[in-house]
Amino acid sequence: MLFQSPWLQGLQTRGYIHQITHPEALDEAAKAGGLIGYIGFDATADSLHIGSLVQIMLLRRLQQAGGKPIVVMGGGTTKVGDPSGKDASRKLLTEAEIAANIASIKRVFAQFLHFGNGPNDALMIDNDAWLSKLGYVDFLRTYGPHFTINRMLSFDSVRLRLEREQPLTFLEFNYMLMQAVDFLELYQRTGCVLQMGGSDQWGNIVNGVELVRRIEGKAAYGLTTPLLTTSSGAKMGKTERGAVWLNADRLSPYEYWQFWRNTEDGDVGRFLRLFTDLPDAEIAELEALEGAAINEAKIALANAATIMLHGPDAAKAAQESAAAAFTGGIGEAMPNFTLASSEGTALRLTTALTRCGLTASNAEAKRQVKAGAVLVNGVAVTDENALLAQESLAGDGVKLTLGKKRHALLRVQD
């Protein structure tokens with residue numbers, strides 16, 4: 001449909017919208033201004049990965065349009081675990097592990113949102129504040145009558161698990177009720193009328209919308225973003241090395257920059273719209289580049305995305321290091337790793353590749369070496385038993401290269 005509110009128009013143009021529960025009514029609410037919306041983030045690890053970035057950008061777009069974004073940290077829901085898109089139950093974390101994960105995760109949001117006490121300032125709330133205080137019988141009596149087992153079984157998070165004959169615990173079955181209660185609590189506490197999330201959250205979001213409407217008799221809305229895949233069909237953010245983390249201590253700014261720099265040609269325009277603030281007209285110009293010139297658009301994407309998360313200095317250093325690596329040099333931002341001098345007089349090359357994170361295992365390292373994909377200081381090495389002498393690791397160290405674009409510096413600790 002053709003939206004009237006600038007916010008939804010912008011989301012539609014940039015490719016954020018998959019489903020909306022009440023599109024016309026949400027459009028009217030957005031036109032009126034002061035829209036308050038939230039997205040929840042469970043603390044299953046000590047960093048979010050790039051799969052969460054489109055949701056963070058969605059909150060950013062809401063704030064840019066004059067709305068108020070709420071970040072809900074899932075201190076309570078993480079104790080249960082979201083079954084959406086999973087074939088097995090998540091590992092149950094201790095309260096101390098969840099608290100540590102939240103403390104680590106929350107730092108990222110300040111790079112994308114402005115927090116404070118103003119009407120347009122973002123809020124961060126932990127849903128453990130209310131979920132852990134709910135008595136079980138009270139919870140069932142208050143919220144149980146608003147949900148039917150028939151409808152709960154129809155949602156993908158439950159139905160797909162059962163169709164694959166994978167066990168779904170009663171603990172996980174309660175997750176969608178807890179998320180619905182989050183929406184109701186946020187409505188009552190802040191006036192929040194919108195829940196957003198990925199397409200896999202549609203069932204959970206619909207439950208929350210319906211709970212607010214049934215208990216409060218007020219309008220509430222849900223909006224989901226599409227599942228992101230690359231032009232080749234791969235899941236966005238999945239690489240041969242695993243997840244692309246947002247915290248710098250899990251993935252260096254250089255590697256983050258390189259991830260965007262290596263974007264497939266067919267994805268450049270779409271990712272520029274989703275993950276940067278560059279104007280539509282500039283994106284159209286970059287997207288129109290052809291042949292080798294498309295690399296200019298990829299560099300623009302890498303710089304804009306890295307500046308947003310890690311700052312302009314990190315983006316500049318990453319670009320300079322990438323340029324140096326291309327010409328055989330070593331840049332300051334290149335990932336570097338140190339070995340204790342006590343580790344011996346020589347190190348097996350395959351071990352070094354794995355130690356630096358260029359390969360996931362020694363077996364993979366052997367395959368890459370034998371395939372001629374590994375360079376040591378710019379020289380190809382095909383002997384899987386090759387050793388790196390400790391004296392070569394001293395001083396400036398050894399530059400390891402896998403393929404054309406992945407580099408690391410390894411040296412012995414002074």
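Computed from a predicted model, the values in this text were never measured in an experiment.
Partners of D126 under the side chain to side chain donor-acceptor pair (under 3.5 Å) rule, at least two apart in sequence or in another chain, do not exist in this structure. The ring-ring contact (aromatic ring centres under 6.0 Å, His included) check on F275 picks up W260, F271, with sequence neighbours excluded. Taking F139 as the reference, Y143 meet the ring-ring contact (aromatic ring centres under 6.0 Å, His included) condition, with sequence neighbours excluded. A search for salt bridge (Lys or Arg N to Asp or Glu O under 4.0 Å) contacts involving D128 returns K79, not counting sequence neighbours. Applying the salt bridge (Lys or Arg N to Asp or Glu O under 4.0 Å) test to K31 and every residue at least two apart in sequence or in another chain returns E28.
The number of heavy atoms from other shown groups lying within 6.0 Å of CD (E290) does not exceed 12.
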Report, one line per pair, each donor and acceptor closer than 3.5 Å where one atom sits in a side chain of residues 106-114; sequence neighbours left out.
residue	atom	partner	partner atom	Å
Q111	NE2	L309	O	3.1
H114	ND1	D121	OD1	2.8

Give every donor-acceptor pair under 3.5 Å between a side-chain atom in residues 187-197 and any protein atom, sequence neighbours left out.
residue	atom	partner	partner atom	Å
Q188	NE2	E216	OE2	2.8
R189	NE	E185	OE1	2.9
T190	OG1	L186	O	2.7
T190	OG1	C192	N	3.3
Q195	OE1	Y38	OH	3.2
Q195	OE1	Q179	NE2	2.7
Q195	NE2	Y38	OH	3.2

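For S104 against N247, the heavy-atom pair with the smallest separation is OG-ND2, 2.9 Å. The two residues T306 and P253 make their nearest non-hydrogen contact at CG2-O, 4.2 Å. The nearest pair of heavy atoms linking L62 to G37 is CD2-N, 3.7 Å. In terms of heavy-atom proximity, S231 sits nearest to E264 at CB-OE1, 3.4 Å. Nearest heavy-atom pair across A243 and H49 is CB-CB, 4.0 Å. Contact between P23 and M1 at its shortest, heavy atoms only, is CB-SD, 3.5 Å.
Checked by atom type, the side-chain pair W7/D27 shows no donor-acceptor distance below 3.5 Å. Q258 and R261 form no side-chain donor-acceptor contact under 3.5 Å, judged by distance and modelled atom types alone. A donor atom on one side chain and an acceptor atom on the other are found under 3.5 Å apart for Q55 and T225. Residues T359 and Q368 bring no donor and acceptor atom of their side chains to less than 3.5 Å of each other. Under 3.5 Å, the side chains of N127 and T77 contain a donor-acceptor pair of N or O atoms.
One distance of note links OG1 of T354 with CZ of R348; it measures 11.5 Å at 0.5 Å rounding. Atom CD1 in I205 sits 11.5 Å away from atom CD1 in I20 (nearest 0.5 Å). Distance check, rounded to the nearest 0.5 Å: OG1 of T78 to CG of N101 gives 8.0 Å. Considering CG of L272 and CG of D267, their distance stands at 10.5 Å, rounded to 0.5 Å. Rounding to the nearest 0.5 Å places CD1 of I105 at 9.5 Å from CE of M124. Taken to the nearest 0.5 Å, the CH2 atom of W130 stands 5.5 Å off from the CG atom of D182.
Side-chain contact check for L274 versus M57: every heavy-atom pair is 4.5 Å or farther apart. Side-chain atoms of I102 and F41, non-hydrogen and from C-beta on, never get closer than 4.5 Å to each other. The shortest distance between side-chain heavy atoms of L171 and L92 falls below 4.5 Å. The closest side-chain heavy-atom distance from L223 to L11 is below 4.5 Å. At a threshold of 4.5 Å between non-hydrogen side-chain atoms, the residues L251 and V244 count as touching. A 4.5 Å side-chain heavy-atom check between F183 and N207 finds every atom pair outside the cut-off.
The list of ring-ring contact (aromatic ring centres under 6.0 Å, His included) pairs with a residue in residues 200-232, not counting sequence neighbours, is empty. Residue pairs that meet the salt bridge (Lys or Arg N to Asp or Glu O under 4.0 Å) test with at least one member in residues 9-21, sequence neighbours left out, are R14-D280. Identified under the salt bridge (Lys or Arg N to Asp or Glu O under 4.0 Å) test for residues 38-49, with sequence neighbours left out: D46-R250. Contacts classified as salt bridge (Lys or Arg N to Asp or Glu O under 4.0 Å) and involving residues 218-233 (residues at least two apart or in different chains) are not found. Under the salt bridge (Lys or Arg N to Asp or Glu O under 4.0 Å) criterion, no residue pair touches residues 130-150, with sequence neighbours excluded.
The closest donor-acceptor contact from the side chain of S321 to the backbone of A318 lies at 3.5 Å or more, if one exists at all.
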